[in-house]
Amino acid sequence: MRLSPATSQKIAVTGLWTLAAVTMGVLLFIIAYVLAHGLPYVTWEFLSQSPHRMGKEGGVFPIIVGTLMVAGLGVLIAAPVGVITAVYLTEYTREGKLTAVIRFGADCLAGIPSIIFGLFGFVFFAITLGLGLSIISGALTLALMMLPTIIRTTEEAVKAVPRAYREASFGLGSTRWQMVTKVVLRSALPGIVTGIVLSIGRSISETAAVMLTAGSALGLPQSIFDPARTLALHFYIMSREGISMSKAFATAAVLILAILLINLLAYWIMRRFVAKAR
Amino acid sequence: MGITDNTQIDLPSNQVRFAGESGAGQPKIRVEGYHGFFDGKPVLKNISLDIHSNERLAIIGPASSGKTTFLRSLNRMTDLNHEFTHSGRILLDGLDLWDRNMDVPELRRRVGIVYAVPTPLPWSIYDNMAYGPRLAGKFKPSEIERMVEEGLKNAFLWDEVKDRLRTPATNLSGGQQQRLCLARVLALEPEVLILDEPCSGLDPISTGKIEKALEILKARYSIVLVTNNTKQAARASDRTAFFCMGELIEIGQTAQVFTYPASRKTNDYITGHFG
């Protein structure tokens, strides 16, 4: 039986629309479910106070601070390293054994489960380097986890910059470095920021790797060498150890809202950058 | 093959005589026994020619005759292609382009290139124009402003864009974009202008404007124009070089090449029998 083009078009549209709706539906359901269970407990006190009785009472203020510090420091380390690596791979070397090895290494890094990163971070950063269970150990571990995403997305964004732009820039007397910074990175910025935002999302919700490297201290961290607890880990402990399901859902709601906020902020900043670049 | 070799040996001396007649003195660019290879395969074979100040040299020839590669060698744009290697010399004011003292970004400011396809950067018209001068890092903002205006005027684009310098260059028409690319190079006040089929995708009016610009600009620059349009070579050049299969078959005064070509190949090409 042969379908008429119009019928196959209808079937395709219906099919694609249904699948997209299912995806969106599941996502929205999860978010709505968590927010419905958590938001009623998210009060100003919850956001601004320290936890008491292991988190059964009080708020999550030190945990919000710890999360931002671990993830923020992680991004601050991973973003420049990742972007520079990607620029090196695409603009400064010819395709060869070395680039293949680096790229293969990055891909392997992306596939490693986070608990292994946690174990490595614990053994290497916390013990061997003597950084202990601390924000810096956690941030370094998260940075390692973020690197592959940042490298790969930056590489793709840089490769998508038309060759003609490079030729135009060289033709007008730019050095390679001027060409990279003034033309390539400027054009690739939206793609690079997307990659960084994706990896922020991943690192902020990371649990296993953080537990083994940043610890699970409830106090307000005073420096990057203090241990800290992140929101995702707090949620895990609250629910796993049956301390308080309502506080667990409230934490989850804060986490989801935080990720949403960070994404919106990142896109806003990027839009301003791009608008400026035009 | 034998005939070709003879003509090749004969012609450089012809051409030196022409240079002597016009009293040009030292050539702006002297190409000596230049060979170019892609992946070891020769694409340019033993090219020797001079390019003088204040002349328009047209390079014509069938596809894959090495015209573009030759042109891109003149400011080392060929460096971007890792498979490309060369032998022989190209001297700009007596200094070999591959001399260790040659500053390549500066070379590209002195020998400005315009590509076959307009390549505006995705910025405003003004930023496109100011990009080169800013890269040089030695001009004051007021100087850059003057260079932008001069460049646009010299490419006959100023009147069309002076009220919208801050709008994206990509909004311009194809012909305007190509004149912007020419203007962008002119803003740098180069010594040699090399153009790779700059009018291949343009309407006759834009083509006319570019040709008119070249005619005026030759008072200040050497101009090398690669073109697939033999009529354009005939009307917009002083001398013409004919390339075929990577060899320089013939070079001489345009009027002479088009009326009494020394080589049968040239004759066949310009009369449209092959290529």
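Numbers restart at 1 for each chain; the letters A, B, ... are given by sequence-line order, proteins then strands. All values below were derived from every heavy atom in this structure, side-chain atoms included, with hydrogens, water molecules and symmetry-related copies excluded.
With values rounded to the nearest 0.5 angstrom, A/Arg163 atom CZ is found 6.5 Å from B/Leu80 atom CG. From A/Glu95, atom CD reaches atom NE2 of B/His82 across 9.5 Å, with rounding to the nearest 0.5 Å. Remark: A/Leu172 CG to B/Arg134 CZ distance equals 12.5 Å, nearest 0.5 Å. Annotation: the span from A/Lys182 atom NZ to B/Leu121 atom CG amounts to 12.5 Å, rounded to 0.5 Å. How far CZ of A/Phe170 is from CG of B/Asn75: 12.0 Å, rounded to the nearest 0.5 Å.
The part of B/Pro120 that comes within reach of chain A is its backbone (N, CA, C, O), which places non-hydrogen atoms under 4.5 angstrom from that chain. Interface residue A/Ser174: backbone and side-chain heavy atoms are both found under 4.5 Å from chain B. Heavy-atom distances place no part of B/Arg76 under 4.5 Å from chain A, backbone and side chain included.
Nearest heavy atom pair, residue A/Arg186 against residue B/Asp127, reads NH2-OD2, 4.3 Å. Closest approach of B/Met77 to A/Glu167, counting heavy atoms only: CE-O, 3.8 Å. The shortest heavy-atom contact between B/Arg184 and A/Ala168 is NH2-CB, 3.6 Å. In terms of heavy atoms, B/Pro105 sits closest to A/Thr175 at CG-CG2, 3.8 Å.
Taking a 6.0 Å sphere around CH2 of A/Trp177, one finds it holds 12 or fewer heavy atoms contributed by other residues, nucleotides or ligands. No more than 12 heavy atoms of other residues, nucleotides or ligands lie within 6.0 Å of CD in B/Glu215, so this atom counts as exposed by the packing criterion.
Counting only distance, with no hydrogens or angles, the side chain of B/Tyr115 and the backbone of A/Ala164 share no donor-acceptor pair below 3.5 Å.
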